Structure formats: C-alpha cells, structure tokens
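Computed from a predicted model, the values in this text were never measured in an experiment. Excluded from the calculations below are hydrogen atoms, water molecules and symmetry mates; all remaining heavy atoms, backbone and side chain alike, are included.
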Protein chains: 2
Amino acid sequence: MGHLTYFKLTNQRAIIMEFLKDNINHPSVDDVYNYVVAKLPRTSKKTVYANLEFLAEKNIIKQIEVKGVKRYDPNIKEHYHLVCRSCHRIIDLLPTEINSKHKIDSVTMYGTCKNCLKRK
Amino acid sequence: MGHLTYFKLTNQRAIIMEFLKDNINHPSVDDVYNYVVAKLPRTSKKTVYANLEFLAEKNIIKQIEVKGVKRYDPNIKEHYHLVCRSCHRIIDLLPTEINSKHKIDSVTMYGTCKNCLKRK
DNA sequence: GTTAGTTAACAACAATTGTTATTTAAATCT
DNA sequence: AGATTTAAATAACAATTGTTGTTAACTAAC
C-alpha cells in the first residue's frame, strides 16, 4: 500500500502518449480519440479527456484552447501559438520570432497577474 | 428600394451598444443578455449572439475567446489581453506593457500567417 | 490478493448555431 | 407629411458540439 501517488501506464494512456510524442499538429481531443479508438475500439471519449487533462496537469504536455476547442501540444518549451484565420493551422512561434511577417490581430495571454502573485 | 445595405437601429441593438460603450469588463454573451433582457424582457439570446457577431464583423467591437466563451471588448485599439488563472480577470495590456510583472505561461495569437498573406 | 487509479457507458450540461415565421426600422412612394 | 414596401432583425424554438459528471466494473502495480 504505497503512500505516494503513482500513475498507472494503462494501454489507453500508452497509446495516447505515443500519439502525442513529437506530434506538431496540436491535436484536439477528437484527433486523439480517433487514433486511440482505432487501436482500442472500446475506448470512451471520457477516458481521452481524462488522460489529456492528467498529462497536462503533470506538465507532460500543454493544453491550449482554440476557438473553444481544447488542443494539446507535447512541446512544453516556451513558445507562442499563431492561429491562422485563413488556413486554420496553429503555427509555433519562438519568442524571438514574434515580429515575423505574419499579420496578428489578437493576442491573448494566460498566466497569473501581478496582483495575485503578490498575494501569495 | 435601396441597393446599398444598411443596418437598422433596433431597440435591442441600441441597448446592446449602450451596455458595451466604455465597458472595460470584457462581458460575455450572458452578461450582455442579462442586461438587455432586464430592459426588453422578450429578447432572445440568439438576438444577442447575432448582434455581437454583427458588431464584431463591422469592427465596432472586438471578439475574444476565453476558456471557450466568447467575450466582447468595445476597445478596438491595439492591445493584448491577459487572463489571470487566479482571479479570472481579463486585464488589458498595451503592447509596451508586455514585459510587466505578470507571470505569463501561454500566449495565443490570432491573425493571418505569412503564407496565406502571400497567396492573396 | 489487495487497492488505488483508471475506464466504459452512460447522462447531463453549457455555449453556440440552425430554422422559420413574424415583426420592425427605414427607404420609397404617394 | 403619412401610407406602403421591403429587407433586416427578432422570438421561439430545436439541434448541435464540446465538455463534465456519475458510478459500477476493471486493471496495473504494490
């Protein structure tokens, strides 16, 4: 009876992690689900949600949100995302590339504001 | 019979615009709806959606999206938004303020990528 | 073998979009 | 000016989509 929390490497989880590894397409839950269900047909979508949330919480992947849809990125190094309104791709941008030739019309950042930082 | 499109200043639309004017709270559709329905009780939520979309399309307001929920900003001057994960406020940041004392963990930009710009 | 973590199979929810008949603001015609 | 016309806008739904909640059954690791 371990007192430390651990996590189990279930088949579903292994497949999800395999799919995400080196995936630069910022897949949605459905993208992941479609891949998993092809290999393990009885997988439920809730399981995929749970695993992606779990992995994001453990900082193994990053969760982003594009047009109300959650997407996941195995690249946890600092970088920005540009969502193209024309081709709908999600393009990774390094902080140094912020002044590239793309046309930006909206920037949303997530984090902790300085007021809340102070309060801790 | 006018050949140019025009737009009608309906009661609903006037109330919505009045609510948005100088509103710095980035209200959601529900925020707007609650205000409108208090003054015009039979207003449907679809009308609010339609008007906010209309105003955003005409560049009278800006639409942003936070955690899957649309929000609206009457300030159309260039500025960024910081969503605080702790106090949940949406804080306006001028481009010059980007290196302020907030802790940023995610940046998403919307726009048109350079490839799509070229193609036009 | 035991147990805590995980899963499947639902139901439920919240935000948004679709449909269509009715209403209305504004342009045009007296 | 007031009446007529018409395209835009609205109300009242239904429907859809992405997501979360519940619980009993299952399973990987101890």
Checklist entry - Is any side-chain nitrogen or oxygen of B:Thr43 closer than 4.0 Å to OP1 or OP2 of D:dA11? => result yes

Item to check | For B:Asp73, side-chain hydrogen bond (donor to acceptor under 3.5 Å, both in side chains) partners two or more places apart | outcome: B:His26, B:His79, B:His81

Next on the checklist: Without decimals, in angstroms, what is the distance between A:Leu9 CG and C:dT7 C1'?
Outcome noted: 14 Å

Item to check | Between P of D:dA7 and CZ of B:Arg13, the distance in whole Å | outcome: 17 Å

Checklist entry - Whole Å only: how far is the CD1 atom of B:Ile16 from the P atom of D:dA8? => result 18 Å

Item to check | Separation of C:dA15 P from B:Leu52 CG (nearest whole Å) | outcome: 15 Å

Checklist entry - Taking only residues two or more places apart in sequence, or in another chain, which ones meet A:Lys45 in a side-chain hydrogen bond (donor to acceptor under 3.5 Å, both in side chains)? => result A:Asp30

Next on the checklist: Distance check needed: D:dG18 P versus A:Tyr72 OH, whole Å only.
Outcome noted: 13 Å

Checklist entry - Sub-3.5 Å donor-acceptor pair from the side chain of A:Asn25 to the main-chain atoms of A:Pro27, do we have one? => result no

Checklist entry - If you round to the nearest 0.5 Å, how far is OG1 of A:Thr47 from CG of A:Leu40? => result 10.0 Å

Item to check | Pairwise 5' ranking along DNA chain C for B:Gly68 and A:Arg42, keeping only the more 5' one | outcome: A:Arg42

Checklist entry - For B:Phe7, is the NZ or CZ atom of B:Arg13 found under 6.0 angstrom from the centre of its six-membered ring and inside 45 degrees of the ring axis? => result no

Item to check | Distance, nearest 0.5 Å, that separates CG of B:Asp105 from CE of A:Met109 | outcome: 11.0 Å

Next on the checklist: If the cut-off is 4.0 Å, is A:Asn51 near the phosphate of C:dT7, judged by side-chain N/O to OP1 or OP2?
Outcome noted: yes

Item to check | Which residue lies more 5' along DNA chain C, comparing A:Val48 with B:Val29 via nearest heavy atoms | outcome: A:Val48

Hey, what are the protein-to-nucleotides 20-24 of chain D N/O distances that come in under 3.5 Å?
unit_1	atom_1	unit_2	atom_2	d
D:dG21	N7	A:Lys46	NZ	3.2

Checklist entry - Partners of B:Tyr49 by side-chain hydrogen bond (donor to acceptor under 3.5 Å, both in side chains), sequence neighbours excluded? => result none

Checklist entry - Is a side-chain donor or acceptor of B:Asp31 paired with a backbone partner of B:Ser28 at a separation under 3.5 angstrom? => result yes

Checklist entry - Whole-Å distance between D:dT17 P and A:Arg71 CZ? => result 16 Å

Checklist entry - Given C:dA8, is OP1 or OP2 found less than 4.0 Å from the side-chain N or O atoms of A:Gln12? => result yes

Checklist entry - Mind checking who shares a hydrophobic cluster with A:Ile90, ILVMFWY linked at side-chain heavy-atom distances under 4.5 Å? => result A:Ile64, A:Val66, A:Val83, B:Tyr110

Checklist outcome for this item: Whole-Å distance, B:Glu65 CD to C:dT17 C1', equals 13 Å

Checklist entry - Whole-Å distance between C:dA9 P and A:Leu40 CG? => result 12 Å

Distances under 3.5 Å only, N/O to N/O: pair up the protein atoms with those of nucleotides 25-27 of chain D.
unit_1	atom_1	unit_2	atom_2	d
D:dT27	O2	A:Lys8	NZ	2.4

